[in-house]
Amino acid sequence: MKDLSYNSKVIEQKWQAKWEADKLYRAVIDHSKPKHYALTMLPYPSGDLHIGHWFSMTPPDARARFKRMQGYNVMFPMGFDAFGLPAEGAAIKNNIHPKKWTYANIERMRAQMRTMGAMFDWEREAVSCDPEYYKWTEWFFIQLYKHGLAYRKKQAVDWCPSCNTTLAREQVKGDDRLCDRCGTPVIKKELEQWFFKATKYADELLRFDGIDWPEFIKVSQTNWIGRSEGASVTFKTEAGDPIEIFTTRPDTLWGATFMVMSPEHPLVEKITTAEHAQAVSEYKAQAAKQTDIQREAKDKEKTGVFTGGYAINPVNDERIPIWVADYVLMTYGTGAIMAVPAHDERDFEFARKFGLKVIPVIQPEGTELNGDTMTEAYPGEGLMINSGPFNGTPATSDKGVKNPAIKAVIEHLEQKGVGKMDVNYRYRDWLISRQRFWGAPIPMVYCETHGWNPVPDDQLPVVLPDDIDEWKPTGESPLKFHPTWKDTTCPICGGYAMRETDTMDTFMCSSWYHMRYLSPHYDKAPFDDAEYNYWMPVDTYTGGSEHANMHLLYFRFFHKALRDMGITEGNEPVMQLRNQGMVLAEDNSKMSKSKGNVVAPDVLVQKYGADTVRAYLMFFARWQQGAPWDSNGIEGTARWMRRVWTLFTDASDSAGTASDETKKDLRRKVHQTLKRVTRDFENFEFNTVISSLMELMNEMYKAREAGAVGTNEWKEAQEIYLKMMAPVAPHISEELWTEHLGKPYSIHQQLWPAIDEAAAKEDVVEIPVQINGKVRDRVTVAAEASEDEIKSAVMASEVIQKYLEGKEPKKVIVVKGKLVSLVV
RNA sequence: GCCGAAGUGGCGGAAUAGGCAGACGCGCACGACUCAAAAUCGUGUUCCCUACGGGAAUGAGGGUUCGAUUCCCUCCUUCGGCACCA
C-alpha cells in the first residue's frame, strides 16, 4: 500500500498536470464514434469563480464524462462572454482599460477553473472580446443586414438611466419595468436604433418540434411571444378614412358601441372636432408626460376624452363615437380598438365611467344579459344575439378560428372585404444597439450621400481603440468622443463617412459562441464546415433558466436566421436543454458580494479537495432545483471520500473467506447500483448517483467484514465502483485505479461497465402482507414465487392467522414480488 | 387575473407503469477508542400514546382503489413567467 491517508491536494495537482500534458480531454473529429456535444453556458469574466459557477459546470462535466465512458466522442468546451458593462464600470472606477481588466479576470478564472478537474478542451476556448472572435460577430451583423433582417428605426425604446444605454424588451423585467442588469427602472426614449427582425420568426419560435426542452422554458417563451389569433377589421370615419383595428373577438363586432384610440394614434388629430380639440390635446400632452409604469399600471382607473368624431361599424353601419384613452397602447396591434363593453372587462369599465352604451351580443345559456343593468362584462361562451344574420350562432370558449362564431364572422368579413383573419404578437424585434464602449462595434458607416452601408468584409473587424481616456457615461458611446475612430470613408463613393459608434448587445456575441468553439481560430469563416458537420447540433445544453426569454430565445432566432441565409443547417441549435437551480445562501437569500454571503469555492477546494466539492454540489440538492447552501453538509461527502480511500487502500485480515452468499449479495448490489447510477446520470439526477454510491460503499464495508476481499466478486466491485465514481470524482478515482488497483491509465478512457441483469436480480424477496391496508407481517419467498406459493406462505404465518381469527379473507390481492393485500 | 413548477422528519432530500413512506447524508443523542480533544468506529433518531404494543402522518379537504407521496376534483402556500396585449 502506498499512501496511508487521502491527500487531495497532492493527488489533484498531480493528475491535473498529467491530463493536461497528455491532452486527455482534447476533442477531435472521429467518425468512428458517435459524437456528443455537451455545452454549458459560458461565464462572464467578473473576477472570481463563485460556487454558482461550480454548480453549473461540474455536474454537467460529470455527465459529459459519463457520456464519454459510454463510448461517445465528447466535446465539452469553455469560453468567456467577455464583452459587457462591468468592465466599463471598472474602467471608470479604476481608470483601467476594459480590455486589461477583462483579460486579467479571464486569466484568473481560467486558473480557478483548472482546479475543477473538468474535461474542458481548452484548445477550443473562445473569448468573445478577441478581435478574431468579434470579427465574425460583426460579419454576422452584416449578413443579417444584407438579408433584410437588420434595420434601423426611430421609435420609443427602453432606456436604463443607470447603465446609460438602450435595452431590448427582453431585458426589461417585471411589473416595475426594471433593468435586467442593474435593477433600475427603465424609461422611454425616442431614438434611432438598430434592430433584428426576430418577429419574422415568431411563429417558428413557438414550435419546439423534436427538441427536448423543459416544459417551463417552452411555456415561458410561448408566453413571451404572446401569439393571439383574431381578425383585423377596417372601420371608417365619417369622412371615409379607414381605421384599422385588431380583435380576438370578431364575433362581438355587433356589440362595438364605441372606439378607442391610443393618444399617439396618427388619426386622432384628424378626427378630433374643433369643439374637443383642446381637451384632446391636453390629454395627449398629459399621456406623453407619464412614464410607462404609470400608464400601464393595472389598477389605474381608466381615463380618456371624447374626440367628437364618429366611426361607422362595417358590419351594421352603426355610428359610434371615437374616444382617446391611454389604456390602448400604440405598441400593440394598430393602436386603435373597437370597444365591446358587454364582453370586455376594460371596455366595460370605461363605458360605465363615461356613460357609454352597452349592448350584449353573446347570450349565456339560461340567463339574459341586460346592457343597462349588468355589473360586469361577460367574456364567456353563449349564443350570438343582436348580430343580424349571425343570431343563434354558438360562440365557444375556443380561441381563434376553432371557435365557430369567430370563424363564421371572419368569413363574412372577408367576403365583404372589410376584414380578414389576422394574428398579433406581443413579441418585438430585438433592439441591438448599445451606447457603450465594451461591445462588438456595429460595422456600419454613414455617408451623407449614400446613407448607411456595411463595412466591406475585407475591412473586418472594426476594432475597438485602445487609446480611450474618457470613460464617463454620457448616454452615448465613448467611441463617439474618440478624436479619430469614427472617421472613415464611404464604401460606395470613397468620400467621408462616419462609423456607427454604438456597439452590439452582448447577447449577440453569445448567440453563436457554440459555433465558434468548433474552430476558434479559423479565419476564413465563423466556423469550419467540417467541424460543424460533425459536432452540430449541440446535444446537451445546460445553464440557468433566467435566460429563458433572453439568451435562449435569441440564439434560437439566430440559428433560424442563419439557416435561412444558408449558413447553418437544422432548425434548432440545441437538442436537449436542462437548467440547474440556484445555490442560495444559508439563510435562503440570494448570494451577493454586497451581502457578503458568497461561498468561495477556492477555500473549499483548499480544505477538502475538488473531488469533494464536486461531489457535494451533486449531492446536496436536486441539481435542477438548487437549494440553500449548508456548510456542515460537505463533511458528509468529505467523509465519503475518505471512507472510499480507506476501503481501497486498507488491508483486511479476513481476505478470501467470504461465503458464496456474501459474494453473490455483493455482486447483486454492485449491478443494482450500476443500473441506478447509469439511469440517474442520464437524467441529471446527480444526488441519487452519489447516494447510490454511498450505499454501495456501506455494503462493501460489510462484505469486507465478511471476508470478501480478494475474491473475484470483490475485484469486480472495486473496478465498477471506481468507474462509476470517475465522472464525479475524477482525481481520487484515477489515483485509486492506477496506483492502488494497478490498472492501466487512464480510468477516464475506460468504457462504462455493462450491467449484468441476471446478477442484479433478487432471488429471495421479503414481501409485506397487508390486512385492510395495514402492514401486519412480512413473508420471505423466492422472487419468482407464483401467486399460489405466496398465498400459502402468507396463510402459514401465525401473525396473519391471528389477525384473520379463523375467518376467510373476502379478497386476496397478490402482486408478485411486491406485496400481498388481504381484505376481511 | 392567466400560464407553469413545486409543497414529504429539525435540515437537504429518497421512493411515481398505484404496492413496505422517510433510502443516502447533515444535525442531534448515547456508546467505544483516548489522559483529553479532534478524527475514526458503533447504536439510535417522523410524530403521538396508556409505550415488548398501538395509532397518526407526504400542504388542507374530498374522490377513485384492496391499496394513493404517486391518479382525479376543490382549496391554501411558495417560486418563476406574462399581464389594460384588444
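To find a chain, count down the sequence lines: A is the first, B the second, and so on, and within it residues start at 1.
OP1 or OP2 of B/C82 has not a single side-chain nitrogen or oxygen of A/R426 nearer than 4.0 Å. When the side-chain nitrogen and oxygen atoms of A/R639 are compared with OP1 and OP2 of B/U40, one or more of them lie within a distance under 4.0 Å. OP1 or OP2 of B/G25 has at least one side-chain nitrogen or oxygen of A/N698 nearer than 4.0 Å. Taking only side-chain nitrogens and oxygens, A/S228 comes nearer than 4.0 Å to OP1 or OP2 of B/A86. OP1 and OP2 of B/A6 both lie 4.0 Å or more from every side-chain N or O belonging to A/R622.
B/A83: no Watson-Crick or G-U partner with both key distances under 3.5 Å is found in any strand. Base pairing of B/A21 is not made with any nucleotide, judged by Watson-Crick or G-U wobble geometry with both donor-acceptor distances under 3.5 Å. Nucleotide B/C71 is matched to B/G63 when pairs are restricted to Watson-Crick or G-U wobble geometry with both distances under 3.5 angstrom. The partner of B/A51 is absent, by the rule that a Watson-Crick or G-U pair needs both atom distances under 3.5 Å. Within the shown strands, B/G10 is the pairing partner of B/C26 under the Watson-Crick or G-U definition, both distances less than 3.5 Å. The base-pairing partner of B/A5, taking Watson-Crick or G-U wobble contacts with both distances under 3.5 Å, is B/U78. Figure legend. B/C41 is base-paired to B/G31; pairs are counted as Watson-Crick or G-U wobble with both atom distances under 3.5 Å.
Heavy atoms of A/N687 sit under 4.0 angstrom from primed sugar atoms or phosphate atoms, though from no base atom. Within the nucleic acid shown, A/R776 comes within 4.0 Å of sugar-phosphate atoms alone, with no base atom in reach, counting heavy atoms only. Across all strands, A/R643 comes closer than 4.0 Å only to sugar-phosphate atoms, never to a base (heavy-atom distances). Contacts of A/V815 with the nucleic acid, taken as non-hydrogen atoms under 4.0 Å apart, include base atoms. When heavy atoms are screened at a 4.0 angstrom cut-off, A/S220 is found touching the sugar-phosphate backbone but no base atom. Residue A/N549 is in sugar-phosphate contact alone, with no base atom involved, counting any heavy-atom pair closer than 4.0 Å across all strands shown. Nucleic acid contact class of A/G626 (heavy atoms, under 4.0 Å, all strands): sugar-phosphate only. Residue contacts for A/E635: at a heavy-atom cut-off of 4.0 Å it reaches no nucleic acid atom on any strand shown. Counting non-hydrogen atoms under 4.0 angstrom, A/F619 reaches a base of the nucleic acid.
With C1' as the reference atom, B/U50 and B/G44 are 24 Å apart, rounded to whole Å. Here, B/C3 and B/A57 have their P atoms 32 Å apart, quoted to the whole Å. Between B/G7 and B/A83, the two P atoms lie 28 Å apart (nearest whole Å). The same atom, C1', is picked in B/G22 and in B/U58; the two are 9 Å apart, to the nearest Å. Using P as the reference atom, B/G80 and B/G31 are 47 Å apart when rounded to the nearest Å. If you take atom P in B/A15 and the same atom in B/A23, they sit 12 Å apart, rounded to whole Å. If you take atom P in B/A68 and the same atom in B/U78, they sit 30 Å apart, rounded to whole Å. Nucleotides B/A29 and B/C47 have their P atoms positioned 15 Å apart, rounded to a whole Å.
Nearest to the side chain of A/V775, among B/C84, B/C20, B/A23, sits B/C20. Here the nucleotide nearest the side chain of A/V219, chosen from B/A23, B/A83, B/C3, is B/C3.
Nearest-nucleotide assignment on RNA chain B puts the 5′-proximal partner with A/Q770, out of A/D630 and A/Q770. Mapping A/I690 and A/T334 onto RNA chain B via the closest heavy atom, the residue that lands nearer the 5' end is A/I690.
Checked against the 6.0 Å centroid threshold, A/W629 and A/Y616 count as a close aromatic pair. A ring-centre distance under 6.0 Å is not found for A/F619 and A/F686.
Remark: A/K302 fails to qualify as a cation-pi partner of A/F350 under the 6.0 Å distance and 45° angle criteria applied to the six-membered ring. The cationic group of A/R426 lies under 6.0 Å from the six-membered ring centre of A/W224 and within 45° of the ring axis, placing it in a cation-pi geometry.
By the 4.0 Å N-to-carboxylate-O rule, A/E699 lies close enough to A/K702 to be salt-bridged with it.
A/E381 has its side chain out of reach of A/I362: every pair of non-hydrogen atoms, C-beta onward, lies at least 4.5 Å apart.
The aromatic rings of A/W645 and A/Y6 sit tilted, their planes meeting at an angle between 30° and 60°.
Separating the OH atom of A/Y608 from the P atom of B/C26 is a distance of 12 Å, rounded to the nearest angstrom.
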